[in-house]
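We count residues from 1, following the sequence as given. As the structure is a computational prediction, the values presented were derived from the model and not from experiment.
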Amino acid sequence: MKEYILSKLSRKLIIFIFIPISIIFLSIVFYLSKTIYDGAFQSSKELAINKASEGSNKVKAYLENTLTSAQAIANAYEEWKENGTGERKMVDLLMKRVLSANKNYLSVWVQFEYDSIKAKNIETFTIENSVELFGPAWLISGNKIVQDFVGEDYKSFYTEDFYVLPKKTKREVITEPTKWIYPGDVTQKEYYETSCVHPLIANGEFFGVVGIDVEFSRLHEITKAMNLSDAGTSGILSNQLIITMHVDTSFIGKNASILFDLDSTSLVQQLKQNSVVQFSSFNEKKNTVFITTIARIDIGDTKTPWYYFVQIPEEEIAASAKNKFLTSIFIGLFLLALILVITFFISRGITTPIRKSVEFAKQMSEGILYQKLEVNTKDETSILGNSLNNMSLKIAETIGQIKTISVNYQQASQEIMTSANQTSTSASEQAASIEEISSSMEQMVASVNQNAENAGVTERIALQAYHDIKELGQVMFATIDSLKTIVEKISIVNEIAEKTNILAVNASIEAARAGEYGKGFAVVAGEVRSLSVESQNSALIIRELSKETVLSAENSGLLIANTIKKIENTTQLVQEIAVSSAEQRHGLLQVNTAIGQMNIATQSTAAISEEMSGKAVILNELANELLKAVGFFKTEHSKDNDIHQLQAYIMEMQMKLSNLLREKIEVAPLAITPAVTPPVAEKQENQVDKKNEFFNSMEGDEKSFEPYQ
C-alpha cells in the first residue's frame, strides 16, 4: 500500500509538501486560535475591569458631588457659628436652594448638638420648634419642597450612625443604605436612601452635622449602563458589603454573599491592597459560575470605601471566546484546503513535464531516438526537456558513427585473417628446415658427449689417487709432529732427573750435617740419586732414538711430496682434456639451443598466426554483435531493413573465411629436447680450487721437512 501511494511523483509532492505544511500550518492556526481564545477570554475580563472602574468612578463622582454640596453648607454654618454675625435664616435658605438645584437629592438637613435647656422649654413640638432646636430640614414631597421636622423621638436621632460617626471621627461619613419615611412628606413614601454627612466644627468644637440624603434611582441607571450582558449583572456595594444597587432590584438591601461565595473578610483585605479584585464565584440562585470584578470606590475623606461590581457568566465569556476560536479554526481549515488546491496545481505543473520526460526516456531505452520531447515551460523542466532532446540527438549521431565504424572494423578483421594465414604458411616451411638442422646437431652433440664422459672418468681416477696420496702425506706429517712432541717431553724428563739428582746431593749434605740423626735420610737420598741417574741415562737414549726416527720420517715425507706433485701434474693434464671436451660440448649445446629456440620461435610464430586467425574471427563476430547491438537503436524508419541485410552479408562472409582457415592452417608442433649439459665448467673450477688448496698446504708443510735441531 505504501509503495503504491509513493509510486508517483505527484503523490510524493502532495504528501511530502502538503503534509508538513499542513502540520506546521495547523499548529500555527491552533496556536493562534488558542491565543485568540485566551485573548478573547482575557479581553472580557479586562472589559469587566474597565466597566467596574468606570462604574466606580461614576458612583464616586455622584457621591462626592453630594459631599461637596454638604461641605459647602457646612462651611456656611461654621462661618456663621465662628463669627456670630448674620442671621441663621440665610444659611437655612441656602439648604433649600441646594435641594432645588439638584434633582437627585431627597433631602438636605442639619442637626445641631442637642441643647437640653432649650429642649425643656418646649412644651409642644412644632416645625418651628424643631427648626429652632435641631436645625432646618428640607425635602422633596411630591413636586414641592417642604420643610421636614424631628419628631418627639428626637433623642434617638442622636444615637444613629449619621450623627455618631461624624461626631466621633470628625470626618465626612456616608451612611449605610436604609429605608426611610420622612415625617414631613405628605406622600409618606418609603425611600431606599443614604446620607452624605459632613460634621460642623467651629473653633475646634463639634456643634452638629449637615447631611444630604440621596436616592439610588440615578445609580440604578449607572448599573444598567455598566452591565455587559443580559445574563450578567452589575451593582454597588456599601462599605459593609450590602447590595446598595443592583440590576435586579430584588437583591437591593441584601448581603453580597448571596452573589458570590467568597469570605467577606478575605474580600475586604484584598480590596484594601488592590483597587480592583477579580475572581470566579458560583451563584447558587442562578446555578452559574460568574467572573466577578469588584472595584473599590474611595469617596472623599470618608475612609469607608464603597465598591462597584460587575459579573459576567463564565460560560458567556467562554462562548464568545469559543466562537472566535472556531472562527479562526474554520478560516485555518479553509486556507488549508486552499493550500491543498494550490499544491495540487503546483504539483501538476511540476510533474507533467517530468512525466513527459519519463515517457521520452522510456522510448530512448527502447531504442527509439527519432522522437522529440515538447516542453512548453520556462523553468528547469524546460532545460531538462531540451537536454533530453540534445542527448537523444547526440546518441543518434553516435550510434550512426558506431555503425560506420563497425563495418570498417569488420573489413579490417577480414584483412587480418588473410595476413595471419600467409604468416602461418611461411612459419610452417621454416619450421621444417630447422628440424633437419636440429637432427644433424644432435648427432654431433652425442659424439662430443662420449668424449666428455671418458675424460670425466679418467679425471675421477686421477683425483682419487691424488686424494689418497695427500691423505698419506697428512698421516706422515702427523707422525712427525708426534715424534717431535715425544722428543720435547723426554727433554723435560731429563731436566727433572737432573734436578732430582741435585736435590739428592743436597739431601745427603744435610744428612751428613745431621750426624747420627741423618743417617737414615742419607740412605734414602742416595737411592733417589741412583734412580735419577738411571732416569737421566734412559732419557738420553730415548732422545737419540727419537731424533733418528724423525729424520727418517722427514725423508719419507719429502718422497711423498714429490709423488704428489707428479700425480697432480697428471691430474691437471686430464682436467685440461676434460675442460676442452666440455667447451666443445658447451659450444655445440649453445648451437643446438639456438636452433631449438629458432624452432620454438617458428612454432610460436605459427601458433600466433593461428591465434591471430582465431582472434580475427572473434573480432569479426564482435563486429557483428556490435552491429546487432547498435541496430537496436532506431534513428530513421527507412534504414532498418538495410541494417538487417548488412548483418546477413557479414555472417555469410564469416562462414566462408572460417572454412578457408580450417583447410590451409595445419601446423604440427615440433618438440626438440636439448641434451642435458653436465656442469663441467663448475666441476673444473672446483678441481682447480682443490688443487690450489693442496699446494698451499704443501707450502705450509715444507717448514716441517727441515732437520730437527
Open item on the list: Holding to ring-ring contact (aromatic ring centres under 6.0 Å, His included), I want the full list of residues that pass it with Phe207, two or more places apart in sequence or in another chain.
Closed with: none
Short side-chain to backbone donor-acceptor contact, [X] and [Y], under 3.5 Å:
X	Y	result
Thr194	Thr175	yes
Ser56	Ile297	no
Asn102	Asn104	no
Gln111	Gly135	no
Ser275	Leu271	no
Trp138	Ser100	no

- [ ] Using a strict 4.0 Å threshold on nitrogen-to-oxygen distance, state whether Glu113 and Lys167 make a salt bridge.
- [x] yes
Task: Stepwise side-chain contact (heavy atoms from CB on, under 4.5 Å) check, Ile291 with Phe279 - done: CA-CA 6 Å; Ile291 300 296; Phe279 56 90; over 6 Å; no
Restricting to non-hydrogen atoms, name the atom on [X] and the atom on [Y] that form the minimum distance, rounded to 0.1 Å.
X	Y	answer
Trp306	Pro177	CH2-CG, 4.0 Å
Pro199	Val209	CA-CG1, 4.2 Å
Leu237	Ala256	CD2-CB, 3.8 Å
Leu94	Ala76	CD2-CB, 3.8 Å
Ala70	Val210	O-CG1, 3.9 Å
Asp161	Pro166	O-CD, 3.4 Å

Hey, are the side chains of [X] and [Y] touching, using non-hydrogen atoms and a 4.5 Å cut-off?
X	Y	value
Asp148	Pro183	yes
Val276	Ile294	no
Ile258	Phe251	yes
His246	Phe309	yes
Val98	Tyr105	yes
Tyr307	Ile236	no
Lys96	Val108	no
Ile252	Met245	yes

- [ ] Applying side chain to side chain donor-acceptor pair (under 3.5 Å), run through Ser107 and Tyr191 and close with a yes or a no.
- [x] CA-CA 11 Å; Ser107 174; Tyr191 293 97; over 6 Å; no
Task: Greater than 12 external heavy atoms within 6.0 Å of Gln188's CD - done: yes
Output the distance between atom [atom1] ([X]) and atom [atom2] ([Y]), rounded to the nearest 0.5 Å.
X	Y	atom1	atom2	answer
Leu47	Glu54	CG	CD	9.5 Å
Lys60	Asn65	NZ	CG	11.5 Å
Lys303	Asp301	NZ	CG	5.5 Å
Glu64	Asn57	CD	CG	9.5 Å
Asn239	Leu241	CG	CG	7.5 Å
Thr223	Lys51	OG1	NZ	12.5 Å

So, [X] versus [Y]: side-chain donor-acceptor pair below 3.5 Å or not?
X	Y	result
Asp185	Ser141	yes
Thr302	Glu172	no
Tyr192	Thr178	no

TODO: Assess whether side chain to side chain donor-acceptor pair (under 3.5 Å) is satisfied between Tyr182 and Glu190, documenting all intermediate values.
DONE: CA-CA 8 Å; Tyr182 291 98; Glu190 186 179 48; over 6 Å; no
TODO: May I have the step-by-step check of ring-ring contact (aromatic ring centres under 6.0 Å, His included) for Tyr77 and His198, ending in yes or no?
DONE: CA-CA 11 Å; Tyr77 274 107; His198 196 284; over 10 Å; no
TODO: Compute the centroid of each ring, for Trp109 and then for Phe162, and state whether the two points are separated by less than 6.0 Å.
DONE: yes
- [ ] Determine, stepwise, if the pair Ile201 / Lys170 fulfils side-chain contact (heavy atoms from CB on, under 4.5 Å).
- [x] CA-CA 8 Å; Ile201 300 173; Lys170 303 296 190 298; 3.7 Å; yes
- [ ] Apply side-chain contact (heavy atoms from CB on, under 4.5 Å) to the pair Leu259 and Thr292, showing each step before the final yes or no.
- [x] CA-CA 9 Å; Leu259 297 178; Thr292 302; over 6 Å; no
TODO: I would like to know whether Tyr114 and Tyr163 meet ring-ring contact (aromatic ring centres under 6.0 Å, His included); could you show each step before the answer?
DONE: CA-CA 11 Å; Tyr114 178 71; Tyr163 190 87; 10.0 Å; no
Task: Worked check of side chain to side chain donor-acceptor pair (under 3.5 Å) between Asp213 and Ser195 - done: CA-CA 4 Å; Asp213 298 337; Ser195 299; 2.4 Å; yes
Task: Worked check of side-chain contact (heavy atoms from CB on, under 4.5 Å) between Val173 and Arg171 - done: CA-CA 6 Å; Val173 172; Arg171 287 197 303 266; 5.6 Å; no
